[in-house]
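Report on the structure given below.
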2 protein chains.
Amino acid sequence: MKRTLSVVEYSGEEEAIALFAKALSHPVRIKILKLLASQQCCFTGELTELIPMAQSTISQHLKSLLEAGLIQGEINPPKVRYCINQDGWLKAHSIFEDFFTPDRVFGCDCPVAVRAPEGRCR
Amino acid sequence: MKRTLSVVEYSGEEEAIALFAKALSHPVRIKILKLLASQQCCFTGELTELIPMAQSTISQHLKSLLEAGLIQGEINPPKVRYCINQDGWLKAHSIFEDFFTPDRVFGCDCPVAVRAPEGRCR
DNA sequence: TTTGTTCATCGCAAATATACGATTAATCCA
DNA sequence: TGGATTAATCGTATATTTGCGATGAACAAA
């Protein structure tokens with residue numbers, strides 16, 4: 001697509017949140033993560049038995065979760081055992097927590113559909 | 001695309017997390033939310049001055065944030081004042097918090113690249 | 001070596017997302 | 001009434017995502 005305007009700059013945090021969020025932006029990946037997180041330990045590609053999707057599709061979603069750092073795979077031939085990547089999980093948790101807890105209280109008291117007096121906002 | 005297999009069922013929570021995450025999955029939307037959250041009160045489409053993107057593109061991103069319930073707009077002709085939607089924000093916060101804090105501790109002690117004993121996983 | 005199992009990757013098709021300029025709608029002000 | 005301002009929407013082009021079947025790679029067991 002056209003990108004004639006100057007390139008928008010993003011902070012590392014903005015990029016990081018967006019990347020984690022993208023990994024979480026499909027319900028089947030949420031389902032996979034919940035399955036893995038609910039296991040005592042790891043889990044394997046029997047995901048294909050629990051989720052009615054083609055094996056290649058599951059594998060693709062696992063790959064994106066891997067790349068996001070939310071899970072890890074342990075090769076255990078001919079199987080692969082997946083589990084939550086603790087580091088990535090905690091990192092995602094804290095980055096979302098920080099995001100949703102802004103420094104300033106964002107109390108917007110603008111009554112919806114009512115004109116707010118000028119000067120309250122920049 | 002082909003969807004020959006049976007339709008995958010998702011829980012309301014899985015869908016909700018994925019929808020919020022999709023709204024957060026682009027860095028410019030993170031930037032917009034941070035700008036709005038840092039304001040004492042609301043904010044307007046001077047976003048176009050702060051973010052070097054076409055006005056129509058900003059408007060498109062605002063729309064997706066609106067639809068996700070993360071912001072709200074107050075029509076103040078000919079301007080529109082946007083601000084964080086407290087309800088949606090808190091809902092997203094709590095749903096992510098719950099997600100990242102699973103009931104069961106997911107302590108995966110599988111040493112990476114080492115075969116784990118059979119039977120520890122279902 | 002051959003066969004079977006498991007999973008990743010490839011190749012393709014369809015759906016969605018992203019970005020832009022142009023246009024339209026709504027509203028003010030002269 | 002006729003501009004001016006602001007922002008949404010439309011139309012279009014391109015990029016990315018999603019999903020599938022087919023194929024390939026790695027390994028264990030016969």
Side-chain angles (χ1 to χ4, degrees), chain A residues 1-8 10 15 18-19 21-32 42-68 71-83 113-116 118 121, chain B residues 1-8 10 15 18-19 21-32 36 42-68 71-83 113 115-116 118 121:
Chain A
M1 46 203 138
K2 294 183 204 168
R3 288 175 184 275
T4 58
L5 295 181
S6 59
V7 178
V8 183
Y10 300 114
E15 304 257 22
L19 284 178
K22 183 169 287 188
L24 299 176
S25 70
H26 193 295
V28 83
R29 291 196 289 268
I30 300 295
K31 189 186 282 286
I32 290 172
C42 306
F43 201 76
T44 323
E46 12 179 35
L47 289 166
T48 46
E49 294 173 18
L50 299 174
I51 301 174
M53 274 184 163
Q55 177 264 325
S56 59
T57 305
I58 301 279
S59 185
Q60 229 170 356
H61 285 296
L62 288 170
K63 186 181 181 185
S64 70
L65 289 172
L66 262 179
E67 288 172 349
I71 65 174
Q72 59 186 273
E74 175 201 1
I75 298 173
N76 193 354
K79 300 190 178 184
V80 175
R81 196 183 298 277
Y82 283 105
C83 55
V114 172
R115 176 193 294 225
E118 292 298 329
C121 309
Chain B
M1 48 202 136
K2 295 182 201 167
R3 288 174 184 275
T4 58
L5 295 179
S6 59
V7 178
V8 183
Y10 301 112
E15 304 257 22
L19 284 178
K22 183 170 287 187
L24 300 176
S25 70
H26 193 295
V28 83
R29 291 196 289 269
I30 299 297
K31 189 185 282 287
I32 291 172
L36 294 180
C42 306
F43 202 76
T44 322
E46 18 184 28
L47 288 166
T48 46
E49 294 173 18
L50 298 174
I51 301 173
M53 275 184 162
Q55 177 265 325
S56 57
T57 305
I58 300 278
S59 185
Q60 229 170 356
H61 285 296
L62 287 170
K63 186 181 180 185
S64 70
L65 289 173
L66 263 179
E67 289 173 348
I71 64 174
Q72 59 187 272
E74 174 201 1
I75 297 173
N76 192 354
K79 300 189 177 184
V80 175
R81 196 183 298 278
Y82 283 105
C83 56
R115 176 193 294 227
E118 293 297 329
C121 309

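Each chain gets a letter, A, B and so on, in the order its sequence line appears, and its residues count up from 1. Model, not experiment: these values are computed from the prediction.
Here A:Thr48 contributes atom OG1 and A:Met53 contributes atom CE; the two are 12.5 Å apart, rounded to the nearest 0.5 Å.
D:dT17 atom P lies 17 Å from atom CG of A:Leu62, rounded to whole Å. Computed from coordinates, the A:Glu46 CD to C:dT5 C1' distance equals 14 Å when rounded to whole Å. The distance between atom CG of B:Asn76 and atom P of D:dT6, rounded to the nearest whole Å, is 12 Å. Rounded to whole angstrom, the span from the CD1 atom of A:Ile51 across to the C1' atom of D:dT18 amounts to 15 Å. If you take CG of B:Leu24 and C1' of C:dT18, they are 17 Å apart, rounded to a whole angstrom. Between the P atom of D:dC10 and the CD atom of B:Gln55 lies a distance of 14 Å, rounded to the nearest Å. What separates CZ of B:Arg81 from P of D:dT6 is a distance of 13 Å, to the nearest Å. Between the CD1 atom of B:Ile75 and the C1' atom of D:dT6 there is a distance of 12 Å, given to the nearest Å.
Proximity of a side-chain donor or acceptor of B:Arg29 to a complementary backbone N or O of B:Lys22 within less than 3.5 Å is detected.
For B:Gln60, counting side-chain heavy atoms from C-beta on, the closest listed nucleotide (D:dC20, D:dA8, C:dT18) is C:dT18. For A:Arg29, taking side-chain heavy atoms from C-beta onward, the closest of the listed nucleotides D:dA8, C:dG21, D:dT18 is D:dT18. Out of C:dA19, C:dC7, D:dA8, the shortest distance to the side chain of B:Ser59 is found at D:dA8. For A:Met53, the listed nucleotide lying nearest its side chain is D:dG19; candidates were D:dG19, C:dT27, D:dA8. Each of D:dT18, C:dT6, D:dA22 was ranked by its minimum atom distance to the side chain of A:Lys79; first place goes to C:dT6. Side-chain atoms of A:Ser56 lie closest to C:dC10 of the nucleotides C:dC20, C:dC10, D:dA7. Side-chain proximity of B:Ala54 to the nucleotides D:dC20, C:dC20, D:dT18 is greatest for C:dC20.
Taking both residues in full, the closest heavy atoms of B:Ala23 and B:Ala68 are given as CB-CB, 3.5 Å, listed atom of the first, atom of the second, then distance.
For the pair A:His61 and D:dT17, the criterion of a side-chain N or O lying under 4.0 Å from OP1 or OP2 is not met. For B:His26 and C:dA19, the shortest distance from a side-chain N or O to OP1 or OP2 is below 4.0 Å.
Using cut-offs of 30° and 60° on the angle between ring planes, the pair B:Tyr10 and A:His26 is perpendicular.
Annotation: of the two residues near DNA chain C, B:Pro78 and A:Lys22, the 5′-most nearest-nucleotide partner is A:Lys22.
At least one side-chain heavy atom of B:Pro52 sits less than 4.5 Å from a side-chain heavy atom of A:Val8.
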